[in-house]
Amino acid sequence: MISAVDHVQLAAPEGSEDALRSYYVDTLGMTEIPKPPVLAARGGCWFGVGAVQLHLGIEADFRPAKKAHPGLRVTDIEAYAARLKSLGAPVTWDTDLPGCRRFYSEDPVGNRLEFLEAVRRSGPGG
């Protein structure tokens with residue numbers, strides 16, 4: 001029985017690790033997770049924050065994921081979007097998901113990422 005998502009893997013082109021580190025650590029605020037030596041030899045890098053892990057693996061015929069994407073919950077989405085924009089990351093707001101504020105961005109190799117925060121209800125019972 002499935003109890004949780006352990007990680008999400010995205011692909012990246014060979015030689016992109018430094019750009020990925022800069023984006024995932026400096027822009028998104030994640031921490032790099034050391035890969036086991038046998039896996040580190042394959043290239044790529046892993047990142048985490050709290051229970052969330054994103055693994056970036058090297059793919060020879062890399063094409064960025066433009067539709068498939070991880071959905072990452074954030075707090076204070078307005079401030080987080082402003083942070084990304086101030087650091088040069090694209091931010092595209094989307095209003096199509098009821099009950100959530102969300103935007104999309106792309107990592108330095110073009111993979112799509114979704115960031116979302118539940119909308120707080122106001123009034124009685126909310």
Side-chain angles (χ1 to χ4, degrees):
M1 294 188 212
I2 297 173
S3 63
V5 173
D6 183 77
H7 67 274
V8 172
Q9 172 124 358
L10 298 171
E14 187 174 345
S16 62
E17 289 90 347
D18 286 342
L20 295 170
R21 284 182 182 100
S22 177
Y23 178 77
Y24 285 93
V25 173
D26 300 333
T27 303
L28 297 189
M30 300 180 85
T31 300
E32 185 167 4
I33 300 168
K35 292 178 69 172
V38 68
L39 298 177
R42 301 177 188 173
C45 32
W46 294 356
F47 304 97
V49 61
V52 175
Q53 283 192 28
L54 294 178
H55 295 182
L56 282 290
I58 301 304
E59 192 169 283
D61 295 327
F62 170 74
R63 282 185 285 168
K66 294 296 188 182
K67 184 70 173 171
H69 61 274
L72 303 170
R73 294 236 178 225
V74 298
T75 56
D76 198 356
I77 196 165
E78 293 285 341
Y80 198 72
R83 170 194 169 107
L84 269 60
K85 284 177 86 170
S86 75
L87 295 170
V91 170
T92 304
W93 288 96
D94 181 279
T95 59
D96 292 339
L97 183 62
C100 284
R101 296 257 332 185
R102 71 176 177 172
F103 67 87
Y104 293 97
S105 191
E106 290 184 356
D107 71 11
V109 299
N111 289 313
R112 184 183 200 197
L113 303 169
E114 177 182 358
F115 300 90
L116 58 156
E117 181 178 43
V119 173
R120 292 185 184 155
R121 290 182 177 182
S122 59

| field | All side chain to side chain contact (heavy atoms under 4.5 Å, CB included) counterparts of R63, not counting sequence neighbours | value | none
| task | Using side chain to side chain contact (heavy atoms under 4.5 Å, CB included) as the criterion, list what pairs up with P37, not counting sequence neighbours. | result | none
| request: Please examine the side chains of T31 and V49, heavy atoms only from C-beta on, and report whether any two atoms are closer than 4.5 Å. | output: no
| message | Contact between V52 and V5 at the side-chain level, heavy atoms closer than 4.5 Å - yes or no? | response | no
| Under a 4.5 Å cut-off applied to non-hydrogen side-chain atoms, are P70 and Q53 in contact? | no
| query | If we only count heavy atoms from C-beta on, is the V109 to L20 side-chain gap below 4.5 Å? | reply | yes
| query | Excluding sequence neighbours, so at least two apart, what forms side chain to side chain contact (heavy atoms under 4.5 Å, CB included) with A19? | reply | P108
| Does Y23 have any ring pair (Phe, Tyr, Trp, His ring centres under 6.0 Å) partners at least two apart in sequence or in another chain, and if so, which? | none
| task | Decide yes or no for R73 and L116: does some side-chain heavy atom of the first lie under 4.5 Å from some side-chain heavy atom of the second? | result | yes
| task | Please report the closest heavy-atom contact between G44 and I58, naming both atoms and the distance. | result | N-CG1, 3.3 Å
| query | Just by modelled atom types, is the D76 backbone N or O under 3.5 Å from a matching donor or acceptor in the E117 side chain? | reply | yes
| Rounded to the nearest 0.5 Å, what separation is found between the CG atom of D26 and the CG atom of L87? | 8.0 Å
| Taking every non-hydrogen atom, the tightest pair across F62 and A11 | CE1-O, 3.1 Å
| request: Under 4.5 Å between side-chain heavy atoms, chaining through other members, with only Ile, Leu, Val, Met, Phe, Trp and Tyr counted: pull out the rest of the cluster around W46, sorted by chain and number. | output: I33, V38, L39
| Sub-4.5 Å side-chain heavy-atom contact between N111 and L56 | yes
| query | Who are the side chain to side chain contact (heavy atoms under 4.5 Å, CB included) partners of K85, not counting sequence neighbours? | reply | V91
| field | hydrophobic_cluster_shared for V74 and W93, side chain cutoff 4.5 Å | value | yes
| task | State which residues pass ring pair (Phe, Tyr, Trp, His ring centres under 6.0 Å) with Y104; sequence neighbours excluded, sorted by chain then number. | result | H69
| said: If the condition is side-chain hydrogen bond (donor to acceptor under 3.5 Å, both in side chains), which residues does E32 pass it with, not counting sequence neighbours? | reply: R21
| request: Among residues two or more places apart or on two chains, list those pairs meeting salt bridge (Lys or Arg N to Asp or Glu O under 4.0 Å) that have a residue in residues 87-106. | output: K66-E106, E78-R101, D94-R102, R102-E114
| field | Backbone of G43 reached by a side-chain donor or acceptor of K35 within 3.5 Å | value | yes
| query | V25 and L28: same hydrophobic cluster, using ILVMFWY side-chain contacts below 4.5 Å? | reply | yes
| field | Results of ring pair (Phe, Tyr, Trp, His ring centres under 6.0 Å) for F47 - residues two or more places apart only | value | Y24
| field | Results of ring pair (Phe, Tyr, Trp, His ring centres under 6.0 Å) for Y80 - residues two or more places apart only | value | F115
| CG on L10 to CD on E59, rounded to 0.5 Å | 10.5 Å
